[in-house]
Number of protein chains: 2
Amino acid sequence: MLKYSRQRESIKNFIMQRSDHPTAETVYMGIRKEYPHVSLGTVYRNLSLLAELGEIRKISVGDGPDRFDGNTSPHYHFFCKECGQVIDLAMDSIDHINVIASHRFGGRVEGSVTHFFGTCPECLAKEISSKSS
Amino acid sequence: MLKYSRQRESIKNFIMQRSDHPTAETVYMGIRKEYPHVSLGTVYRNLSLLAELGEIRKISVGDGPDRFDGNTSPHYHFFCKECGQVIDLAMDSIDHINVIASHRFGGRVEGSVTHFFGTCPECLAKEISSKSS
DNA sequence: CATATAATAGTAACTATTATCATTATTGGA
DNA sequence: TCCAATAATGATAATAGTTACTATTATATG
């Protein structure tokens, strides 16, 4: 049975009002302003719980800490190799790749995770301006 | 300047003759039969080096240890939720998703990583046979 | 208001991986 | 073949990220 906790509410609010996919550490730093005695364990525990409840999404990167996303609607993520930031990618659904994967496969494809990477708009602008000068 | 090492050769051979995408720990256990005093650090160092050289591929899963693949030709991986094994997925290229992602995006999409998950053929067979009985 | 129990803070423990460093192995030249 | 230069090693410590433990506190329910 789930009981309310102010810390959990604060954690959820923090995630919801950000669009930069913060890490557990960032959430910890952020809510310490409101709850100076909050424990990092509490942050991890609640982030996992909220993700299980489907209220937030957990983004597992290859290396580096996991990130969390308050936007649970289907969308994709772009990882910038230059600055390391993770940004949302507005694009048409590519769910058909699951059908392609199922085609000659004897198992059951239940889903897939796709991450895009490259150079983000900001870093690309910097790159172009430094080359033209 | 790169120097030969028997340990590295053994590690590479081990990876090459397997198709189950072993972890560093599995490689370590495997080559200890030939080199009982090999260090886990040596295994990690060489797996990273071989991956950098493009001789093997590193597969980063969301959670759990990284896996390594001796097959460097382009292909996809399927993660079974039931038994945890990682198997190759023979399917047509889905590189066009990078074009889709680029469409309304101001940055430069240089690539993407896609992992499929669900129930593998073996686990699916078990599931069906247990239901029909 | 009392009881049951979920959640917490603080901390230890854990997993996967990387770094350090003295010693050993490999390599290319005399 | 020997030697010097240096890459690689084994052993171990250190690190990052996360989970587990436990006594105490907060929440919910009758």
Side-chain angles (χ1 to χ4, degrees), chain A residues 1-15 20-53 55-69 79 84-86 115, chain B residues 1-15 20-53 55-69 77 79 84-86 113 115:
Chain A
M1 182 239 190
L2 193 68
K3 279 184 185 171
Y4 170 86
S5 101
R6 345 157 170 221
Q7 289 89 338
R8 180 156 57 237
E9 182 166 59
S10 176
I11 289 164
K12 192 180 171 189
N13 287 342
F14 185 89
I15 292 284
D20 63 343
H21 316 92
T23 63
E25 186 67 31
T26 305
V27 174
Y28 175 59
M29 292 310 203
I31 68 161
R32 275 220 291 187
K33 281 154 198 161
E34 194 180 357
Y35 295 100
H37 295 289
V38 74
S39 159
L40 187 54
T42 296
V43 173
Y44 272 104
R45 188 163 7 86
N46 280 295
L47 287 172
S48 294
L49 178 56
L50 290 168
E52 269 174 43
L53 296 174
E55 299 187 26
I56 65 174
R57 274 173 66 184
K58 183 178 182 169
I59 310 169
S60 287
V61 195
D63 59 327
D66 288 345
R67 291 166 166 272
F68 296 88
D69 191 345
F79 297 75
Q85 76 169 319
V86 179
H115 294 327
Chain B
M1 184 237 190
L2 191 68
K3 279 185 186 172
Y4 171 85
S5 102
R6 346 156 170 223
Q7 289 89 338
R8 179 156 58 237
E9 182 165 60
S10 176
I11 289 164
K12 191 180 172 189
N13 287 342
F14 185 89
I15 291 284
D20 63 343
H21 314 92
T23 64
E25 186 68 31
T26 305
V27 174
Y28 175 59
M29 292 309 202
I31 68 161
R32 274 218 292 186
K33 281 153 198 161
E34 195 181 354
Y35 295 99
H37 295 289
V38 75
S39 158
L40 186 54
T42 297
V43 173
Y44 273 104
R45 188 164 6 86
N46 281 295
L47 287 172
S48 295
L49 179 57
L50 290 168
E52 268 173 45
L53 296 174
E55 299 187 25
I56 66 175
R57 273 174 66 185
K58 182 178 183 170
I59 310 168
S60 287
V61 194
D63 59 326
D66 288 345
R67 290 166 165 275
F68 296 88
D69 192 346
H77 294 114
F79 297 76
Q85 77 170 317
V86 178
V113 179
H115 294 327

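Every chain is numbered from 1 and lettered A, B, ... according to where its sequence line falls, protein lines coming before strand lines.
Under a cutoff of 6.0 Å and an axis angle of 45°, Arg8(A) and Tyr4(A) do not form a cation-pi pair.
Judged by closest nucleotide on DNA chain D, Lys58(A) is the one of Tyr4(A) and Lys58(A) placed further toward the 5' end. Each of His37(A) and Arg45(B) has a nearest nucleotide on DNA chain C; the 5'-most of these lies closest to His37(A).
Per the geometry, CG belonging to Asp63(A) stands 12 Å off P belonging to dT18(D), to the nearest Å. The separation between Leu2(A) atom CG and dA4(C) atom P is 21 Å, rounded to whole Å.
Applying the 3.5 Å distance criterion, the base of dA26(D) shares no donor-acceptor pair with the side chain of Ser5(A).
Proximity of Thr42(B) to the phosphate of dG10(D): a side-chain N or O atom is located under 4.0 Å from OP1 or OP2. A close approach under 4.0 Å does not occur between any side-chain nitrogen or oxygen of Arg6(A) and OP1 or OP2 of dA26(D). Gln7(B) has no side-chain polar atom (N or O) that falls below the 4.0 Å cut-off from OP1 or OP2 of dA25(C).
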Test Phe79(B) against Val61(B) for side-chain contact (heavy atoms from CB on, under 4.5 Å), laying out the working first.
CA-CA 9 Å; Phe79(B) 297 76; Val61(B) 194; 3.6 Å; yes
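Of the candidate nucleotides dT29(D), dA7(C), dT18(D), dT29(D) has the atom lying nearest to any side-chain atom of Met1(A). Comparing dA11(D), dT18(D), dA28(D) against the side chain of Ser39(B) picks out dA11(D) as the nearest. Residue Lys3(B) places its side chain closer to dA5(D) than to any other of dT18(C), dA7(C), dA5(D).
In this structure, a donor-acceptor pair under 3.5 Å is absent between the side chains of Gln7(B) and Thr42(B).
Asn46(A) comes within 4.0 angstrom of sugar-phosphate atoms only, judged by non-hydrogen atoms across all strands, and of no base. Among the heavy atoms of the strands lying under 4.0 Å from Tyr44(A) is at least one base atom, whether or not backbone atoms are also near. Counting non-hydrogen atoms under 4.0 angstrom, Glu25(A) reaches nothing in the nucleic acid.
Of the residues listed (Asn46(B), Ile11(B), Leu47(B)), the one engaging Ile56(B) in a side-chain contact (heavy atoms from CB on, under 4.5 Å) is Leu47(B), and it is the only one.
For His21(B) (side chain) and Gln85(B) (main-chain N/O), no donor-acceptor pair under 3.5 Å exists by modelled atom type.
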